[in-house]
Amino acid sequence: MILPKGCSVSRRALISGALALSGTTVLGGVGRSAGEASRVVEMDLVARTTILDVAGAPVELLTYDGGFPGPVLRARAGDLMRLEFSNELAEPTNLHFHGLHVSPGGHADNPFVTVPPGERFRYELLIPTGYGGTFWYHPHMHHRLARQLWRGLAGPLLVERPDDAVLAGTDEHVVLVKDLTAVDGQPAPHTTADWARGKSGTVVLANGEVRPVLTARRSPVWLRLINACNGRTLLLAREDGQPLTLIALDGHLLDVPRTVPEVLVTPAQRVELLISLAEGEQVALVHRPYSRGARREPSRPEGLLTVAASTSLAATPIPERLAALERLDPAAVARRRSFRMAMAFMHADGNAAQQQDVIHARLGDLECWEIINVDTQDHVFHLHTWPFQVWRCDGVEQNPPAWRDTVNLRPGERVELLIPFRDVAGRSLFHCHIAEHGDAGMMAIVEVSGGAVTPAARPSDRTRPPGDRSGLEPAWPPGAIPGSICGPGGRGVG
Ligand code: C2O
Ligand code: CU
């Protein structure tokens with residue numbers, strides 16, 4: 001993480017065992033009330049503009065607590081995370097806690113909240129017991145997400161899960177990857193092509209640095225990697241051609257470690273690797289050329305980071321088993337839906353209807369969503385709040401099924417996802433996580449209700465009648481080409 005020189009981070013991270021909730025705060029989450037949280041973790045986070053050194057030159061970035069990436073926020077399964085957020089930017093923003101299975105309403109992971117410049121907002125996230133992993137936080141203001149993320153707003157969020165015990169003795173490193181192009185000391189502005197293709201930067205930074213060396217005192221290294229790029233997909237591999245040992249996807253531990261030649265990490269996805277080292281050994285990770293239809297990048301394998309063992313190294317073996325994998329039963333599906341993902345090639349005025357589409361699902365139902373990419377470029381499907389299992393890809397059953405919150409679709413590809421709408425009710429979003437595509441309209445709302453209902457999100461501009469865009473600024477990012485996630489009829493979802 002890069003911090004401004006000579007400036008210490010003033011961040012309060014306070015943990016209290018007893019709860020002191022104000023009587024009126026209502027929290028949703030996994031059939032528990034806030035009073036049942038095992039402990040309260042309090043923290044502050046400030047969004048502000050900061051000039052930082054990036055790849056040898058000063059760049060004016062949007063930061064959390066003055067750093068790039070933002071600070072690593074840590075909590076434990078079962079915690080109530082109370083985060084006092086201050087917006088010191090010159091524009092409105094908010095926070096989204098990507099991948100967390102918590103209420104999307106009220107003061108929780110509510111993407112419809114707006115925090116105006118100069119104002120504060122207290123987030124309260126009640127994390128389910130037994131639930132954890134590698135997540136991240138970023139802004140989620142509609143039509144501003146891509147530009148705010150691009151200019152630096154992203155940070156890791158780690159929730160310690162009980163299963164992490166199998167990783168005791170490893171050397172944990174959290175790495176947030178973000179690409180950037182700077183022009184005249186500023187992140188390069190978006191072009192029309194960027195809105196269509198997803199913006200990529202010319203330098204790829206790991207924790208804000210070009211090809212950092214991470215020193216390990218223990219082996220294996222547990223690398224928790226987050227792709228926080230707007231549009232760049234990383235095809236990760238070892239430089240020496242040896243296979244990777246994959247242990248988790250999108251924060252969810254696999255049943256056993258898997259050996260893979262390379263691993264694809266789309267925007268917003270996380271992968272976790274174990275890298276065994278001998279004393280004094282170095283292992284370099286590269287990202288290989290990958291074509292996502294819109295772009296092929298990099299043109300040849302590029303170094304991302306190196307892990308280097310110190311001369312005295314405490315080594316433990318790679319665990320044989322990681323976590324018990326729940327298998328969702330396709331026979332239990334209560335409802336099937338089908339969606340197509342594409343950029344629309346015409347700018348139809350007022351064609352923002354897709355963003356106002358609302359899918360209604362019932363709390364407790366298992367649904368199967370078929371997603372088809374009918375476009376000529378990759379799209380990255382992401383569903384907030386409810387992690388899913390990728391059941392089939394192009395009709396082929398995935399074995400074992402992986403829990404994910406974000407999945408890539410190549411042109412023409414079709415995936416079937418099993419989504420248990422369990423524990424948490426409320427209104428949230430699904431969208432393409434190529435940030436520009438989401439802003440340009442590849443986004444819709446899912447509302448889960450019935451059973452124990454969490455407080456509704458506050459009314460937002462999404463509830464206005466289709467076509468009514470009064471007061472929304474800007475209607476589209478300049479030059480944007482609207483895209484869609486839509487149902488079989490070409491309009492609407494369902
Ligand atoms: Cu990373 Cu809508 O989220
Ligand atoms: Cu997309």
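As the structure lists them, so they are numbered: ligands from 1, and atoms in each ligand from 1.
The two residues Val115 and Glu119 have their closest heavy-atom pair at CG1-O, 3.5 Å.
Considering Arg288, Arg197, Arg292 in turn, Arg292 is the only one that fulfils the salt bridge (Lys or Arg N to Asp or Glu O under 4.0 Å) rule with Glu297.
Ionic pairing of Asp44 and Arg82 is not present here: no N-O contact between side-chain nitrogen and carboxylate oxygen is shorter than 4.0 angstrom. At a threshold of 4.0 Å, the pair Arg48-Glu60 does not count as salt-bridged, since none of the basic side-chain nitrogens sits closer than that to a carboxylate oxygen.
Under the 3.5 Å distance criterion, the side-chain polar atoms of Asn230 are matched with a main-chain donor or acceptor of Ala146.
Annotation: protein N, O or S atoms under 2.8 Å of atom 1 (Cu) of ligand 1 (waters excluded) comprise His98 ND1, His138 NE2, His433 NE2. Around the Cu ion (ligand 2), the protein N, O or S atoms closer than 2.8 Å are His379 ND1, Cys432 SG, His437 ND1, listed by chain and residue number.
The aromatic ring centres of His173 and Trp222 sit 6.0 Å or more apart.
For Arg392, the salt bridge (charged side-chain N to carboxylate O under 4.0 Å, His left out) partners are Glu416, not counting sequence neighbours. For Pro298, the side-chain contact (heavy atoms from CB on, under 4.5 Å) criterion is met by Arg232, His287, Glu302, not counting sequence neighbours.
Using a 30° and 60° split on the angle between ring planes, His98 and His138 fall in the tilted class, from 30° to 60°.
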